[in-house]
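Scroll down for the structure; my scribbles are underneath it.
Worth saying up front: this structure is predicted, and the values here are computed from it rather than measured.
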Amino acid sequence: MLRLIPAADAHFAWLLGEADAPDALRQPPGGVDEAWVLRWLRRNLARLGQPGNWFVVAEGEVVGLCSYKTAATADGAVEIGYAVAPERRRLGHATQAISLLIGAARDDPRIRRLTAETAVGNLPSQRVLEANGFKKTGTSLDADEGEMIVWTLEVA
């Protein structure tokens with residue numbers, strides 16, 4: 001059974017090799033994500049706080065990450081991001097994690113709408129959003145990724 005565990009600084013310290021594992025968690029072979037991503041998420045956690053940053057856990061193993069990437073706007077919109085460890089992809093973890101994140105957003109009075117962006121060529125990520133009811137609402141341009149598809153889901 002998949003669950004979301006609220007992220008804390010101690011979790012990021014562990015993933016970055018700075019501390020022992022909290023909560024008896026394990027990492028998959030090859031780790032959860034690249035160190036620069038973990039450092040960015042750690043800074044984002046310090047800036048945004050909780051709720052909004054979670055570890056995706058399956059049977060005691062951190063198989064992915066999901067979070068609000070931004071603070072909620074005045075009209076309740078927040079951008080989300082998510083990733084699954086390379087060794088744990090194609091098992092449905094991302095789809096389940098986003099479903100759980102949507103539930104958390106529905107319980108958060110600050111949130112009325114979720115947005116996400118996917119690279120045009122990232123078909124697996126697009127399928128995750130479609131499976132969770134997100135609709136394509138536009139495009140944007142990312143300096144690193146190129147053309148992006150913008151997705152939206154009303155949660156309030």
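- Val56 belongs to a hydrophobic cluster with Leu2, Leu4, Trp54, Val63, Tyr68, Val78, Ile80, Tyr82, Ile98, Leu100, Leu101, Ile102, Ile111, Leu114, Val120, Val128, Leu129, Phe134, Ile149, Trp151, Leu153, Val155, counting contacts under 4.5 Å between side-chain heavy atoms of Ile, Leu, Val, Met, Phe, Trp and Tyr, direct or through other members.
- Arg90 meets the side chain to side chain donor-acceptor pair (under 3.5 Å) test with no other residue; sequence neighbours excluded.
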Next on the checklist: Before you tell me yes or no, could you show the steps for Arg88 and Glu61 under salt bridge (Lys or Arg N to Asp or Glu O under 4.0 Å), namely the whole-Å CA-CA distance, both residues' side-chain angles and the distance that decides it to 0.1 Å?
Outcome noted: CA-CA 10 Å; Arg88 299 297 182 251; Glu61 182 179 79; 2.6 Å; yes

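- In this structure, Pro28 and Ala85 approach most closely via the heavy-atom pair CG-CB, 3.6 Å.
- Residues Thr139 and Val150 share a closest heavy-atom pair of C-CG2, 3.9 Å.
- Arg26 contributes a side-chain N or O that, together with a main-chain N or O of Glu59, makes up a donor-acceptor pair within less than 3.5 Å.
- Contact of the Ser67 side chain with the Leu41 side chain is registered, since non-hydrogen atoms from C-beta on lie closer than 4.5 Å.
- Pairs of residues two or more places apart, or lying in two chains, never qualify as salt bridge (charged side-chain N to carboxylate O under 4.0 Å, His left out) while including a residue from residues 124-148.
- Contact record, Pro29 with Glu87: O-CG, 3.0 Å, taken as the closest heavy-atom pair.
- Evaluation of the salt bridge (charged side-chain N to carboxylate O under 4.0 Å, His left out) rule for Asp75 yields Arg113 as partners, not counting sequence neighbours.
- The hydrophobic cluster containing Leu48, built from Ile/Leu/Val/Met/Phe/Trp/Tyr side-chain heavy atoms closer than 4.5 Å, comprises no other residue.
- Sorted by first then second residue, the ring-ring contact (aromatic ring centres under 6.0 Å, His included) pairs that include residues 15-42, not counting sequence neighbours, number zero.
- Applying the side-chain hydrogen bond (donor to acceptor under 3.5 Å, both in side chains) test to pairs two or more places apart or on separate chains, those with a residue in residues 13-22 are Glu18-Arg42.
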Checklist entry - Can you list the steps and then say if Asn132 with Thr95 is a side chain to side chain contact (heavy atoms under 4.5 Å, CB included)? => result CA-CA 7 Å; Asn132 279 290; Thr95 300; 3.8 Å; yes

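- Looking at Gln27 and Leu15, their side chains come closer than 4.5 Å, going by heavy atoms from C-beta outward.
- Not counting sequence neighbours, the partners of Asp108 by the side chain to side chain donor-acceptor pair (under 3.5 Å) test are Arg110.
- Val37 and Met148 are not part of a single hydrophobic cluster, where members link through side-chain heavy atoms under 4.5 Å apart.
- Under the rule for a salt bridge (charged side-chain N to carboxylate O under 4.0 Å, His left out), Arg112 has no partner lying at least two apart in sequence or in another chain.
- Qualifying side chain to side chain donor-acceptor pair (under 3.5 Å) partners for Thr137, counting only residues two or more places apart in sequence or in other chains: Thr152.
- Heavy-atom minimum distance, Thr118 versus Ser125: CG2-OG, 3.4 Å.
- Residues Val32 and Phe55 are members of one and the same hydrophobic cluster, defined by side-chain heavy-atom contacts under 4.5 angstrom among Ile, Leu, Val, Met, Phe, Trp and Tyr.
- Under the rule for a salt bridge (charged side-chain N to carboxylate O under 4.0 Å, His left out), Glu117 has no partner lying at least two apart in sequence or in another chain.
- Applying the side chain to side chain donor-acceptor pair (under 3.5 Å) criterion to Asn44, with sequence neighbours excluded, gives Arg47.
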Item to check | His11 vs Val62, side chain to side chain contact (heavy atoms under 4.5 Å, CB included): CA-CA, chis, key distance, verdict | outcome: CA-CA 10 Å; His11 293 105; Val62 178; over 6 Å; no

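- Atom CD in Glu79 sits 11.5 Å away from atom OG1 in Thr73 (nearest 0.5 Å).
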